[in-house]
Amino acid sequence: MKLGISLFLAYILLLAPHTLASQIQLENGVDLSETTKGQLSVKQLIDNVFQFTSYFHTQDYGFVSANGLVVIDDTDAYMIDTPWTETDTIKLVSWIKEQGFELKASVSTHSHDDRSAGIGYLNSIKVDTYVSELTNSLLKADNKALAKHAFSGDSLYLANNLIEVRYFGAGHTQDNLVVWLPQSKLLYGGCLIKSQRSQSMGYIAEASLAEWPNTIDKAKSRYNDAVIVVPGHGRNGGLEILDHTQALIAEEVKNNQLK
């Protein structure tokens, strides 16, 4: 896999945001290398993977961040989840282009806006958008933009198997997916997985508390060699955050039983 000069320049921009090149990007409104509260940001996670963070002010939980990935294969880019808004999706696409990459496709790991709000825009610029059939049916029921491609079964492979998308069952939602990057042993858990700092389950109106622990068990079994685990919200961790999520679920179930 060759990332070439473009990735080198992207890396420099991320590490040195006050360079002339970065100042030019700031003027153009697409410098995403610095983390500023409330503003879309991008950081290089490993050699061919960038992690972006977008934000939204929710009614129930206030100001909340959401994670997503951009995976690079040579000069092709693949977006794992979209930012929380179409506006931030436009910014992220502009950033990808500025680095010399071409956005080929996106996959959204469930139907909520923090995973899928940019699908309509990506469709409009002729990017291939992917979701599961279940996710597309939920998007349709909510009168939201549908992905161009809806896969059946429990798996989808993109970028010559560089990206493995897997459905293990219900959890945070009925349709939540995870993404595995085998070359880097990175598991993107999305909202199926909570960060270590999470002390509650957050939004669970569409969750299956009964199935959620079993779904995580399946992910743990298949990806037991994961080195990096990226949750849908909050800081990354390792396999321990899967255990932490199961502990939170058990506590939620216990509290519900006591009510």
Side-chain angles (χ1 to χ4, degrees), residues 6-7 9-19 21-46 48-59 61-72 76-125 127 129-131 144-145 147 179 181 186 188-191 193 195 197 202-203 228 230-236:
S6 296
L7 182 53
L9 291 175
Y11 182 70
I12 294 299
L13 287 174
L14 288 170
L15 293 182
H18 299 298
T19 62
S22 183
Q23 290 172 8
I24 293 171
Q25 284 196 316
L26 273 170
E27 292 172 1
N28 292 336
V30 293
D31 179 23
L32 306 179
S33 59
E34 291 191 81
T35 301
T36 303
K37 186 169 183 176
Q39 296 182 11
L40 179 69
S41 63
V42 181
K43 66 179 181 180
Q44 188 169 25
L45 189 54
I46 53 177
N48 69 318
V49 180
F50 294 88
Q51 180 173 336
F52 64 85
T53 304
S54 61
Y55 299 82
F56 192 77
H57 192 277
T58 66
Q59 183 175 354
Y61 302 100
F63 204 57
V64 180
S65 65
N67 299 320
L69 300 179
V70 177
V71 182
I72 306 301
D76 294 338
Y78 297 83
M79 190 182 296
I80 312 301
D81 283 333
T82 76
W84 213 318
T85 64
E86 182 173 290
T87 298
D88 277 347
T89 302
I90 294 170
K91 290 179 181 178
L92 183 58
V93 171
S94 295
W95 181 88
I96 291 169
K97 290 178 180 178
E98 287 290 329
Q99 312 317 310
F101 305 132
E102 180 181 359
L103 182 60
K104 290 291 187 179
S106 76
V107 58
S108 293
T109 56
H110 67 269
S111 68
H112 291 167
D113 285 352
D114 56 342
R115 310 291 135 196
S116 67
I119 287 177
Y121 172 70
L122 295 180
N123 287 341
S124 73
I125 61 172
V127 171
T129 50
Y130 291 85
V131 298
K144 296 178 180 179
V179 176
L181 305 182
L186 186 153
Y188 179 81
C191 292
I193 306 301
S195 72
R197 288 191 175 185
Y203 178 76
I228 302 172
V230 180
H233 306 274
R235 293 187 177 182
N236 302 342

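Taking Tyr130 as the reference, His149 meet the ring-ring contact (aromatic ring centres under 6.0 Å, His included) condition, with sequence neighbours excluded. Considering only residues two or more places apart in sequence or on other chains, Ser106 meets the side-chain hydrogen bond (donor to acceptor under 3.5 Å, both in side chains) condition with none of them. Applying the side-chain hydrogen bond (donor to acceptor under 3.5 Å, both in side chains) rule to Glu86 yields no partners; only residues at least two apart in sequence or on another chain are considered. For Thr58, the side chain to side chain contact (heavy atoms under 4.5 Å, CB included) partners two or more places apart in sequence, or in a different chain, are Phe56, Tyr61, Val64, Trp84. Annotation: side chain to side chain contact (heavy atoms under 4.5 Å, CB included) contacts of Arg197 (sequence neighbours excluded): Ser195, Arg235. Scored by the salt bridge (charged side-chain N to carboxylate O under 4.0 Å, His left out) test, Asp114 finds no partners at all (sequence neighbours excluded). For Asn123, the side-chain hydrogen bond (donor to acceptor under 3.5 Å, both in side chains) partners two or more places apart in sequence, or in a different chain, are Thr129. Take Val127 and apply the side chain to side chain contact (heavy atoms under 4.5 Å, CB included) test, not counting sequence neighbours, and it matches Leu103, Leu122, Ile125. Legend: residues meeting side-chain hydrogen bond (donor to acceptor under 3.5 Å, both in side chains) with Lys144, ordered by chain and number and at least two apart, are Asp113.
Residues Ile119 and Val131 form a side-chain contact, since some pair of their non-hydrogen atoms from C-beta on lies under 4.5 Å apart. Residues Val71 and Asn48 meet the side-chain proximity criterion, which asks for heavy atoms closer than 4.5 Å. For the pair His110/Cys191, a side-chain contact is recorded, criterion being any heavy-atom separation below 4.5 Å from C-beta on. Residues Phe52 and Leu40 meet the side-chain proximity criterion, which asks for heavy atoms closer than 4.5 Å.
A ring-centre distance under 6.0 Å is found for Phe50 and Trp95.
Of all the heavy atoms in Ser116 and Ser111, the pair that sits closest is OG-O, 2.9 Å. Nearest heavy atom pair, residue Pro83 against residue Ser54, reads CA-OG, 3.6 Å. Between Ser65 and Gly234, the shortest heavy-atom distance links the atoms OG-N, 4.1 Å.
Between atom OG1 of residue Thr89 and atom CE of residue Met79 there is a gap of 6.5 Å, rounded to the nearest 0.5 Å. The line from OH of Tyr188 to CG of Leu181 is 11.0 Å long, rounded to the nearest 0.5 Å.
Thr82 places a side-chain N or O within donor-acceptor distance of the main-chain N or O of Gly118, the cut-off being under 3.5 Å.
With Gln51 as the partner, the side-chain contact (heavy atoms from CB on, under 4.5 Å) test is satisfied by one option alone out of Ile228, Asn67, Leu186, Val70: Asn67.
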